[in-house]
2 protein chains.
Amino acid sequence: MATRTSQAKQTGTPAAAQPKAHDFARPYTTVDVVIFTVLDDGLKVLLVQRPLNQGEPCPGKWALPGGFVDVELDSDLMACARRKLLEKTAVRSPYLEQLGSWGSATRDPRGWSATHAYFALIPAADLALAKGANAADVDWFQVDHLLQRPRLAFDHSEILQAAVERLRNKVEYTSLPAFLLAEPFTLPQLQKTYEIVLGRAVDKSGFRTRMLAADFLEEIGFVESPSNRPPMGYRLKDRSGPVIFPRTFSPRGGS
Amino acid sequence: MATRTSQAKQTGTPAAAQPKAHDFARPYTTVDVVIFTVLDDGLKVLLVQRPLNQGEPCPGKWALPGGFVDVELDSDLMACARRKLLEKTAVRSPYLEQLGSWGSATRDPRGWSATHAYFALIPAADLALAKGANAADVDWFQVDHLLQRPRLAFDHSEILQAAVERLRNKVEYTSLPAFLLAEPFTLPQLQKTYEIVLGRAVDKSGFRTRMLAADFLEEIGFVESPSNRPPMGYRLKDRSGPVIFPRTFSPRGGS
DNA sequence: GAAATAGTGTCTATGAGACACTATGCT
DNA sequence: AGCATAGTGTCTCATAGACACTATTTC
């Protein structure tokens, strides 16, 4: 029992004269980040083109930004994700949430590997500054196109799909889209963001009632807009996470 | 940017004459499983006592069942979780869902490690058979007690807490508790299970309407009960996963 | 004043919660 | 008959969706 090959960690039986289990072959440990933004009226995701070098897997294919956990640099998984994000976007404090993990013997040709996937939301406006940091092999892609024909490296298409599902789901009952906007933002802007992510229109009146009832916005004064009546600007009362609404958005609650 | 120590995997820059990044130090990769059941009118979780051997971390403490991924045995993470579950409970086809991952330099004294946590639901009835497989250092613990004073090995108290939160959350809007019952079960039994997991009573009429409207149950004929009017027995139409209800349970939906 | 956008009022159908009721079997 | 459990009917009130309305600015 409890030994060797498999476990040893949480086994009841004394392990006797076995080599320590944790000296056995270890899978690779990586972190990948699905970075979303709303740009040009569309939901976009950041991808990185894989190098063409010999020995690199999936050469030339587009992939999620990510890579190996660095046991020297990264104190934990989240820190590693934040580092990857910072390297690619120069954004420091995005919304960042763990998505799940994917691990198998075959997902990376180099051997058994497990990746810890995160997803991030960043305002497109924050990127202007970061342009310098963006290399030529980094670009934003329309999410819808990527879902229609999945061609990403490794199992990244699958991970992307899971991220979009999670995002779309949560948007139905949380204030997540607010993290896709730079402050101050207006309610019409926020509504537009919801509509872009959800892929459908939502009623203005209901939307406003809902947002204000959730009590997560703070008025910041009127904001100048390209034309017409000046809208109220808002910021988040608490940037540490989204608010959860009591009910869902969908038109007919139907099962 | 984008080089060395850290990545190399998804970096734009040709890695030139660097040692391959994946030859660097690798974290340990483990899987832990939070196994729930409902037993004696309480929500229980399965724990394993850690061995007392020298060199083993957290000797004598109770921990979630789990251990190192075995790159020979385990084709993927889920398979690893299923294996751990089978080893401890002899249950083959439980409800099994990924919970998240926890990884840091310090969570295991042996070094940088990342665990992939899963949670499982099994009917207590299925365990009778498994008793043989259960070693002396395995036992069921009342979840509420463990949450009140967290004393588990490693960061397992944190993982358990996350699992309970996820479970309680999902129970509000899914048919998950059905996976805690052996078939056939009755609606009163199912209701009881909901109440135990949620920690509060739910209205009978509303409960039944809801369950039947969700159309995930199949009548299996009347079932003998200890007394009185015989209830209808049901089984799941689809054991592959829970149904999601359109709305939540909570009394006042209020925000 | 017209146009365009921001923001509010109001009506209604739905459906969940609450609770009273009926049904069926056991002793 | 009486009790205990299984199962149903019904009333009400909150609210989400729909949509019509008002408000404030620019030209």
note = Pairs under 3.5 Å (Watson-Crick or G-U), crossing ones as [ ], inter-strand ones as |: DNA chain C comes out as |||||||||||||||||||||||||||

inquiry  = Set out, in order, the CA-CA distance, both residues' side-chain angles and the distance that settles side-chain contact (heavy atoms from CB on, under 4.5 Å) for B:Leu46 and B:Val138, then state yes or no.
reply    = CA-CA 7 Å; B:Leu46 188 78; B:Val138 176; 3.4 Å; yes

request  = Decide yes or no on side-chain contact (heavy atoms from CB on, under 4.5 Å) for A:Glu172 and A:Phe245, but give the supporting numbers first.
outcome  = CA-CA 9 Å; A:Glu172 297 278 0; A:Phe245 305 139; over 6 Å; no

request  = Could you walk me through whether B:Leu77 and A:Ser101 pass side-chain contact (heavy atoms from CB on, under 4.5 Å), step by step?
outcome  = CA-CA 8 Å; B:Leu77 290 171; A:Ser101 57; 3.7 Å; yes

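Side-chain N or O atoms of B:Thr174 include none that pairs as donor or acceptor with a backbone N or O of B:Val243 at under 3.5 Å.
A straight line from OH of B:Tyr194 to P of C:dA16 spans 14 Å, rounded to a whole angstrom. Atom CG of A:Asn228 is separated from atom P of D:dC27 by 9 Å (rounded to the nearest Å). Atom-to-atom, CZ of A:Arg200 to C1' of D:dA16 comes out at 13 Å; the value is rounded to the nearest Å. Put simply, CZ on B:Arg210 is 19 Å from P on C:dT14, counting in whole angstrom units. For the pair A:Met232 CE and D:dT24 C1', the interatomic distance rounds to 13 Å; values are reported in whole Å. To the nearest angstrom, P of C:dA6 lies 12 Å from CZ of A:Phe207. Between the OH atom of B:Tyr173 and the P atom of C:dA16 there is a distance of 17 Å, rounded to whole Å. As a whole-Å value, the separation of A:Arg229 CZ from D:dT25 P is 7 Å.
Taking a cutoff of 4.0 Å between a charged side-chain nitrogen and a carboxylate oxygen, A:Glu218 and A:Lys237 do not qualify as a salt bridge. A salt bridge links A:Asp144 with A:Arg168; the closest basic N to acidic carboxylate O contact falls under 4.0 Å. Between A:Glu219 and A:Arg235 there is no salt bridge, since no side-chain nitrogen of the basic residue lies less than 4.0 Å from a carboxylate oxygen of the acidic one.
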Polar pairs (N or O, both sides) under 3.5 Å between protein and nucleotides 8-12 of chain D?
unit_1	atom_1	unit_2	atom_2	d
D:dG9	O6	B:Ser205	OG	2.4

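For A:Pro231, the listed nucleotide lying nearest its side chain is C:dA6; candidates were C:dA6, D:dG7, D:dT24.
Note that CG of A:Leu217 is 6.0 Å distant from CG of A:Leu187, once rounded to the nearest 0.5 Å.
Note on residues 33-47 of chain A: pairs passing salt bridge (Lys or Arg N to Asp or Glu O under 4.0 Å), not counting sequence neighbours, are A:Asp41-A:Lys192.
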